[in-house]
Structures are given as C-alpha cells and as structure tokens.
Protein chains: 2
Amino acid sequence: MSQYGIRPSAQRVAIARYVLATDQHPTAEQVWSRVRATFPTVSRATVYNTLQLFKQHGLLLEHELGGGSAVFDPNVEPHHHFVDDETGEIRDIPWSAIAVGDVQLPDVQVREYSVVVRGRRADAP
Amino acid sequence: MSQYGIRPSAQRVAIARYVLATDQHPTAEQVWSRVRATFPTVSRATVYNTLQLFKQHGLLLEHELGGGSAVFDPNVEPHHHFVDDETGEIRDIPWSAIAVGDVQLPDVQVREYSVVVRGRRADAP
DNA sequence: CTCAGATTTAGACTTAATCTACATCTGTTG
DNA sequence: CAACAGATGTAGATTAAGTCTAAATCTGAG
C-alpha cells in the first residue's frame with residue numbers, strides 16, 4: 001500500500017483486505033459493516049474517506065448502477081457490468097465479451113465508456 | 001394521458017408538461033422545484049409518485065448515472081448516454097451512433113443494455 | 001346528491017453520504 | 001528519548017434523496 005503513497009494504518013489495512021479482494025461490488029455501508037466485524041471501532045467516516053483515497057490512487061473504481069447507492073470495485077481494468085433486475089446483484093463482464101465499435105462524439109473528449117446490461121438470471125423462478 | 005389509464009389530474013398534467021417534454025434529464029427534486037413554479041402547492045410525494053406512475057406506464061425511463069440521484073428521461077427509445085465529468089450534465093446518444101455487438105451472457109436473460117460514455121466537452125477550459 | 005375509491009398533502013421517517021470539531025497516532029527533529 | 005506538527009481517526013451532527021403515513025380532498029359512477 002505504501003508504494004501508492006498511502007500510509008498503511010491498521011484501519012486502512014483492514015479496509016483494504018476486504019475491499020481490494022472482493023468481487024461482490026459492496027456499497028460503502030456494506031464495507032463498513034464487514035470491516036467492523038474484525039475492527040469494531042472503525043468509524044463510518046474513516047471507511048468513506050479510505051474508499052475515496054483508494055479510488056483517487058487508482059486502487060478502486062466507484063460505480064453507480066442503480067439501487068440508490070454507489071458500489072466499489074477493485075477490478076480497475078476496463079470491463080462491462082451486468083445488473084440483476086431482481087436482486088440488484090452486479091457481475092463484471094470481461095471487456096472482450098462485448099464488441100463495441102468506435103465511440104466518438106462531436107465536441108467530446110471521451111475518458112471511458114462501458115456497457116451496462118440489465119436482465120435476470122435465466123434459471124430464476 | 002388517459003389513453004394510458006392515468007387519470008389526468010391537474011397535478012399530473014403539470015408534471016407531465018414539464019417532464020415529458022424536457023431533454024434535461026432532471027432529478028425528482030428538480031422536477032418538483034420546476035413544477036412548483038407553476039403549481040406551488042404540489043407536494044413532493046405527488047411528484048415522486050407521479051414519476052413512478054409515468055415510469056410504470058412506459059412514459060419515462062429512470063437512470064442512475066452518477067451524481068448520487070436518479071434522473072428521468074422521456075426518451076424511452078433505446079439510446080446511450082454521455083455524462084460530462086465536470087458538470088454532471090447528461091446527453092442522449094442515438095442508438096445508431098455506437099455499434100454494439102451481440103450481448104449474450106451465460107445464464108442471463110438480457111432485458112436491455114446501453115453504453116455509458118464519460119468525458120469532457122472538447123472545448124471546456 | 002352521495003359515497004367509495006382514487007388522489008393529494010404535510011410532515012415524519014429512513015438511509016446514504018458528508019461534515020465538523022476534537023482526539024489520537026506517527027514520523028521527524030532536536 | 002521527548003516534543004511537536006501533520007496526518008489520521010472518531011463520534012456524532014448534518015444534509016439530501018427518497019419513502020412512508022395518516023388524514024384531507026377530489027371525482028365520477030350510481
């Protein structure tokens with residue numbers, strides 16, 4: 001973590017161990033709740049601050065995909081997303097799984113783009 | 001409006017006149033604020049309820065594209081979105097402007113998909 | 001006209017997220 | 001090692017979006 005210029009405090013390490021390893025796309029509140037299991041005194045503000053810090057240093061991406069709250073994703077490579085209409089669950093889709101042609105818009109410098117897919121599990125009841 | 005089985009109360013007409021005609025992608029709070037200018041007694045609950053009603057009847061789409069709040073869009077045809085990193089402004093992109101290949105995911109029934117593009121205006125300071 | 005059901009209202013409530021003021025920790029310097 | 005400054009963390013207040021509730025009002029069928 002220090003390679004990124006982030007001082008590895010105990011709180012930050014506890015947060016990192018969870019959020020940099022999960023593929024669950026947790027919300028900030030879910031991260032807080034999860035981290036408190038092993039670090040009961042960690043405050044909400046520290047979790048929110050640390051998530052923003054990780055994001056600023058390129059360790060995390062923050063997505064808003066519905067459900068009313070932002071989720072965090074340690075997969076910082078370009079990829080697409082699937083959102084389950086019924087459960088809200090989010091799944092990463094590999095970049096190569098969807099072919100997207102040139103994205104050029106008049107008067108726009110494109111920084112990034114991705115496809116958001118919504119639907120349901122084929123075997124859902 | 002009655003063709004859709006929606007009783008056209010004065011409040012609903014006032015809301016519809018704004019939100020079904022705009023391309024500004026307003027949030028619910030912005031709709032409320034805008035409608036109050038011509039209908040000062042309309043309540044927040046009515047605006048929220050009516051937006052959901054219009055959405056359920058296919059007159060509106062609701063998008064979450066960052067900025068922390070949902071926006072409403074009377075353009076219900078498939079299309080993509082551009083989000084300005086600096087202003088948060090949202091612009092519709094015609095479906096035909098971006099070529100997207102087959103979207104097929106294992107064990108998933110796809111209901112819809114679209115591309116979200118982020119960047120800045122080319123002439124921004 | 002009456003009344004049941006639909007609609008609206010004001011305000012309380014919930015939740016995510018941010019902010020603030022103070023406390024604590026840590027690395028550096030003497 | 002001790003002291004200090006800056007970085008980090010804390011609890012709790014605050015804000016903002018959105019939802020809910022109970023009561024009031026409207027509307028149209030009979």
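Residue numbers begin at 1 in each chain, while the letters A, B, ... track the order of the sequences. This structure is a prediction, so every number in the text was calculated from the model and none was measured.
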Practice prompt. Take the angle between the ring planes of B/His63 and B/His79 and call it parallel below 30°, perpendicular above 60°, tilted in between.
Written response: perpendicular
Discussion item. Under 4.0 Å from OP1 or OP2 of D/dT10: is there any side-chain N or O of A/Thr46 that close?
Written reply: yes
Discussion item. What is the separation between atom CD1 on A/Ile15 and atom P on D/dT10, rounded to the nearest whole Å?
Written reply: 8 Å
Practice prompt. Would you kindly give the CD-to-C1' distance between B/Glu29 and D/dT15, to the nearest whole Å?
Written response: 12 Å
Worksheet item: Between C/dT9, D/dG12, C/dA16, which nucleotide has the shortest distance from any of its atoms to the side chain of A/Ala45?
Response: D/dG12
Discussion item. Quick check on D/dT10: is either OP1 or OP2 less than 4.0 Å from any side-chain nitrogen or oxygen of A/Arg44?
Written reply: no
Discussion item. I'd like to know if the side chain of A/Trp32 reaches the main chain of A/Val42, judged simply by a donor and an acceptor atom lying under 3.5 Å from each other, with no hydrogens or angles considered.
Written reply: yes
Worksheet item: How close or far is atom P of C/dA16 from atom CD of A/Gln30, stated in whole angstroms?
Response: 9 Å
Fill in: Under 3.5 Å donor-acceptor, B/Arg121 side chain and A/Asp107 backbone
no
Worksheet item: Under 4.0 Å between a side-chain N or O of B/Tyr48 and OP1 or OP2 of D/dT19?
Response: no
Worksheet item: Do side-chain atoms of B/Thr38 reach the backbone of B/Val35 as a donor and acceptor pair under 3.5 angstrom?
Response: yes
Worksheet item: Where the side chain of B/Thr50 meets the backbone of B/Thr46, is there a donor-acceptor pair that is under 3.5 Å apart?
Response: yes
Discussion item. Contact list please: residues 31-39 of chain A against DNA chain D, heavy atoms, distance less than 4.0 Å, in numerical order.
Written reply: none
Worksheet item: CD of B/Glu62 versus P of D/dG18: gap in Å, rounded?
Response: 8 Å
Worksheet, complete the sentence: Closest of C/dT7, D/dG9, D/dA17 to the A/Gln11 side chain is D/dG9
Discussion item. Taking 4.0 Å as the cut-off, does a side-chain nitrogen or oxygen of A/Arg12 come that near to OP1 or OP2 on D/dG9?
Written reply: yes
Worksheet item: Do side-chain atoms of B/Glu62 reach the backbone of B/Ala70 as a donor and acceptor pair under 3.5 angstrom?
Response: no
Worksheet item: What does B/Thr41 touch in the nucleic acid at a heavy-atom separation under 4.0 angstrom: a base, only the sugar-phosphate, or nothing?
Response: sugar-phosphate
Worksheet entry | Atom-pair distance (CG on B/Asn49; P on D/dC20), nearest Å | 10 Å
Worksheet item: Quick one: B/Glu64 CD to C/dA17 P, roughly how many Å, whole number?
Response: 10 Å
Discussion item. Using whole Å, what does the distance between atom P of nucleotide C/dC25 and atom CZ of A/Arg7 come to?
Written reply: 13 Å
Worksheet item: Between atom CD in B/Gln52 and atom P in C/dT8, what is the gap in whole Å?
Response: 15 Å
Item to complete: Could you work out which one of D/dG18, D/dA11, C/dA17 sits closest to the side chain of A/Ser43?
Response: D/dA11
Discussion item. Test your reading of the model: is there a side-chain donor-acceptor pair from B/Arg111 to the backbone of A/Arg120, 3.5 Å cut-off?
Written reply: no
Practice prompt. For A/Ala28 and for B/Thr50, find the nucleotide of DNA chain C with the closest heavy atom, then tell me which residue's nucleotide is more 5'.
Written response: B/Thr50
